[in-house]
Number of protein chains: 2
Amino acid sequence: MTESTLLLKEHHLKATPQRIKIISMIEEHGHITIEDLYKEMLEQFPSVSLATIYKNINQMAQSGLIREIKIPKAKSVFELIKEPHLHIVCDSCGKIEDIPVETENIIKEAEKLSGYKINESFVTLRGTCPECR
Amino acid sequence: MTESTLLLKEHHLKATPQRIKIISMIEEHGHITIEDLYKEMLEQFPSVSLATIYKNINQMAQSGLIREIKIPKAKSVFELIKEPHLHIVCDSCGKIEDIPVETENIIKEAEKLSGYKINESFVTLRGTCPECR
DNA sequence: GGCTTAAAAGAAAATTATTTTCTTTTAAAA
DNA sequence: TTTTAAAAGAAAATAATTTTCTTTTAAGCC
């Protein structure tokens with residue numbers, strides 16, 4: 001049983017070939033847009049429907065397997081849910097990377113200042129990557 | 001001359017009544033969606049077009065007067081550009097607040113780890129506000 | 001391994017969000 | 001005031017996402 005199949009089972013989702021493919025594409029790319037998922041899926045499943053992508057992405061997000069990351073001035077990407085990390089986007093080439101930066105301090109301070117109980121944090125930075133400078 | 005008019009002049013945008021209204025609505029609400037801008041605008045300008053809202057919002061964002069904030073699992077909101085701050089969204093009532101938390105440390109660390117030159121940071125937290133607990 | 005069935009896929013249409021085009025109106029500079 | 005480039009508004013076009021409905025299939029059961 002593949003890793004994707006296992007992930008699906010764990011989240012009580014039927015392991016269809018389309019879903020397995022979606023998960024492995026997300027794993028492979030790290031982050032991927034709906035549009036790119038669809039394009040790549042078409043190569044292997046020429047009759048796949050965009051609705052299938054949307055429905056599956058929504059279900060997987062619902063069940064906590066993946067997450068949507070909204071990117072400033074760009075399309076959303078989807079990623080597998082794993083250890084906390086932040087995102088950095090290159091203004092020049094559009095590349096998105098994860099960085100394992102600790103955000104505990106900020107969250108603690110925000111809780112103190114706001115009185116909120118914080119459940120999740122989204123940090124996205126934009127700038128220029130080393131290759132583009 | 002109103003404050004909104006002044007802001008528009010500073011950004012070399014013609015001070016039309018619709019634009020002045022958009023800016024004062026953003027100021028008044030702090031953060032506001034396109035949909036709410038349109039609804040409220042209709043009360044004062046019954047023949048306003050959604051295209052006018054979109055075109056103006058895009059121009060104002062382009063010229064650095066306002067900024068779009070993409071919110072996890074919700075519609076984007078727009079805000080005037082001012083001192084750096086982060087956003088906190090209540091899962092329960094949907095309210096969005098600014099908090100003046102310092103993010104310099106995180107940015108410095110991310111720059112070190114990634115090699116990027118960082119230009120802007122977006123931090124959004126989700127949780128439960130004091131009123132909703 | 002062949003049934004059964006609830007869930008998923010696919011196709012098409014519907015809905016929602018955003019942008020473009022084109023004509024009329026208007027802010028602002030002369 | 002007059003002039004004019006830019007903006008507003010209306011309508012259509014495009015893009016993004018969801019819904020509906022029929023057919024297909026994964027997976028539990030014998």
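Only a predicted model underlies this, so the values are computations on that prediction, with no experimental measurement involved. A note on names: the letters A, B, ... follow the listed sequences, proteins ahead of strands, and every chain is numbered from 1.
Atom NZ of A/K21 and atom C1' of C/dA8 are 19 Å apart (whole Å). Look at CZ on B/F45: it is 13 Å from C1' on D/dG9, rounded to the nearest Å. As a whole-Å value, the separation of B/L37 CG from D/dA8 P is 13 Å. For the pair A/Q62 CD and C/dA7 P, the computed distance is 16 Å after rounding to whole Å. Remark: C1' of D/dA16 and CD of A/E68 are 12 Å apart, rounded to the nearest angstrom. Straight-line distance from the CD1 atom of B/I20 to the C1' atom of D/dA8: 14 Å, rounded to whole Å. One interatomic measurement links the two molecules: NE2 of A/H12 to P of C/dA6, which rounds to 19 Å at whole-angstrom precision. Between the CD atom of A/Q44 and the P atom of C/dG10 there is a distance of 12 Å, given to the nearest Å.
Between A/K73 and B/E68 there is no salt bridge, since none of the side-chain N atoms of the basic residue sits less than 4.0 Å from a carboxylate O of the acidic one. Salt-bridge formation is detected for the pair B/D98/B/K82: a Lys NZ or Arg NE/NH1/NH2 atom is positioned less than 4.0 Å from an Asp or Glu carboxylate oxygen.
In this model, the phosphate group of C/dA7 is not approached by any side-chain N or O of A/K55 to a distance below 4.0 Å at OP1 or OP2. For the OP1/OP2 pair of C/dA27 and a distance below 4.0 Å, the side-chain nitrogens and oxygens of B/T16 include no atom meeting the criterion. Within the 4.0 Å cut-off from OP1 or OP2 of D/dG9, at least one side-chain nitrogen or oxygen of B/Q18 is found. Within the structure, every side-chain polar atom (N or O) of B/Y54 is placed at least 4.0 Å from both OP1 and OP2 of C/dT19. Applying the 4.0 Å criterion to OP1 and OP2 of D/dA10, one finds that B/S49 has every side-chain N and O outside that range. In this model, the phosphate group of D/dA7 is not approached by any side-chain N or O of B/N56 to a distance below 4.0 Å at OP1 or OP2. Residue A/Q59 places at least one side-chain N or O under 4.0 Å from the OP1 or OP2 atom of C/dA8.
With the nearest nucleotide of DNA chain D identified for both A/A15 and A/I34, A/I34 has the one nearer the 5' end. Each of B/A51 and B/P17 has a nearest nucleotide on DNA chain C; the 5'-most of these lies closest to B/A51.
No side-chain donor-acceptor contact under 3.5 Å links A/H85 and A/E97. B/N105 and A/N105 share no side-chain donor-acceptor pair at under 3.5 Å. Between the side chains of A/E79 and A/H29, no donor-acceptor pair is found at a separation under 3.5 Å.
The nucleotide whose nearest atom lies closest to any side-chain atom of A/N58 is, among D/dT18, D/dA27, C/dG10, D/dT18.
B/I81 and B/L7 are assigned to two separate hydrophobic clusters, defined by single-linkage of ILVMFWY side chains at heavy-atom distances under 4.5 Å.
Using a 4.0 Å heavy-atom cutoff across all strands shown, A/P46 reaches no nucleic acid atom at all. Across all strands shown, A/S47 has heavy atoms under 4.0 Å from sugar-phosphate atoms exclusively, and none from any base.
Side-chain N/O atoms of A/K14 and base N/O atoms of D/dG28 include no donor-acceptor pair closer than 3.5 Å.
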